[in-house]
Amino acid sequence: MLFNTFVHIPGIGETTERRLWQAGVTTWDKFVEPYPAFLSGQKVRLIQDHLARSRAQAAQQAPLDFLRQLPAAQRWRIFPHYRDSVAYLDIETTGLSFNDHCITTISLYDGKEVFTYVQGENLAEFAEDIQRYRLIVTYNGKAFDVPMLERHFGFRLTQAHIDLRPLLQGLGFVGGLKGCEKQMGLDRGELTGVDGYFAVLLWREYCRTREPRVLETLLAYNVEDTVNLESLLVQAYNLKLAGTPFAESHRLDMPIPPERAFLPDVALIARLQGRMRGGY
DNA sequence: AACAAATCGGACAGGGACTA
DNA sequence: TAGTCCCTGTCCGATTTGTT
């Protein structure tokens with residue numbers, strides 16, 4: 001809903017934007033004479049100036065500049081405009097600490113296809129692949145995944161980035177990725193109970209045994225996280241929309257998850273969980 | 001266990017409407 | 001014109017939150 005947005009203009013907050021919508025100014029093109037009476041001449045000029053700039057940016061396909069002007073709490077609005085170039089992203093590591101950081105696997109989903117990257121195999125390819133996308137979607141990735149990736153690869157990820165954690169928190173969903181999925185009706189099947197720490201154990205087990213099924217289980221978990229990000233963002237988008245006049249017209253359909261490329265080994269999961277409880 | 005970012009709450013400033 | 005008040009937007013600091 002970029003073309004319905006006015007809060008990117010300094011001096012225009014959510015209240016003024018809502019009043020504009022109520023006055024019938026639901027898109028940039030509808031900001032024409034006669035202007036709503038509650039706006040002073042000064043405000044009218046301010047909005048005119050900024051809209052001219054916004055139109056130019058939209059024409060140049062420079063939505064990144066547009067995004068930077070948008071208050072953090074409103075970044076979700078750009079999502080549909082990037083849908084054809086989005087990377088849902090999640091990484092697994094050898095632990096939580098930034099000191100002994102070591103990325104073990106990366107999973108990337110672009111809405112159609114799943115890509116995975118494994119340390120010791122093809123991890124380096126990620127650096128080039130990620131450049132293809134204009135939007136990154138993560139859960140808590142601003143604080144964890146992105147800094148970790150930037151440190152590992154020595155580059156900066158300059159794409160637009162929607163972090164689902166604060167977005168969902170604002171909608172009342174807290175409790176981590178798994179908690180949010182549960183509250184929003186997503187089911188993990190055999191992977192219920194597998195978490196980030198378990199992924200660390202799976203990697204250790206894989207290093208020890210070199211069993212392909214161990215790696216496949218880890219990747220199944222990693223991919224599940226990534227694929228679910230799309231459903232969560234679509235639901236969050238629709239919930240955000242509910243407070244606007246565009247709830248019906250801009251509503252997004254729930255995505256269809258891709259064919260599962262990796263299958264978890266249920267017996268292995270049970271065995272490792274047993275070992276965890278046993279205190280190993 | 002460290003860290004980054006967003007949110008929240010409260011304080012503050014400025015525009016605009018109204019009155020005398 | 002001066003004085004006042006309300007609404008809106010912004011700023012600052014503290015707090016919340018979750019990642020493997």
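The figures that follow rest on heavy atoms only: side chains count, while hydrogens, waters and symmetry mates do not. Just so we're on the same page: letters track the sequence lines, and every chain starts at 1.
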*Give me the residues of residues 213-226 of chain A where at least one heavy atom lies under 4.0 Å from an atom of DNA chain C, by number, or none.*
none
*Just call it for A:Phe38: base, sugar-phosphate, or nothing, with non-hydrogen atoms closer than 4.0 Å on any strand.*
nothing
*Between the main-chain N or O of A:Tyr117 and the side-chain N or O of A:Glu121, is there a donor-acceptor pair closer than 3.5 Å?*
no
*Which letter, B, S or -, goes with each nucleotide of nucleotides 9-14 of chain B from 5' to 3', with contact meaning a protein heavy atom under 4.0 Å?*
------
*Closest listed nucleotide, where the reference is the side chain of A:Lys142 and the choices are B:dA4, C:dT20, B:dA6*: B:dA6
*In whole angstrom, give the distance that lies between atom CD of A:Gln119 and atom P of C:dT20.*
17 Å
Anything under 3.5 Å between a donor and an acceptor, one on a side chain of residues 236-247 of chain A, the other on a protein residue two or more places apart or in another chain? List them.
from: A:Asn238; atom 1: OD1; to: A:Leu252; atom 2: N; distance (Å): 2.9
from: A:Asn238; atom 1: ND2; to: A:Leu252; atom 2: O; distance (Å): 2.9
from: A:Thr244; atom 1: OG1; to: A:Leu241; atom 2: O; distance (Å): 2.8
from: A:Thr244; atom 1: OG1; to: A:Phe246; atom 2: N; distance (Å): 3.0

*When all nucleic acid strands are considered with a 4.0 Å heavy-atom cut-off, which category describes A:Gly175: base, sugar-phosphate, or nothing?*
sugar-phosphate
_If you only use heavy atoms from C-beta on, which nucleotide in C:dT19, B:dT7, C:dG9 is closest to the side chain of A:Asn140?_
C:dT19
*Choose from C:dT10, C:dG9, B:dA6 the nucleotide whose nearest atom is closest to any side-chain atom of A:Pro10.*
C:dT10
*Sugar-phosphate only, base, or nothing, as touched by A:Leu167 at under 4.0 Å among non-hydrogen atoms*: nothing
_For A:Phe3 together with A:His81, are the ring centres under 6.0 Å from each other?_
yes
*Taking the side chain as every heavy atom from C-beta outward, state whether A:Leu272 and A:Phe198 have any atom pair closer than 4.5 Å.*
yes
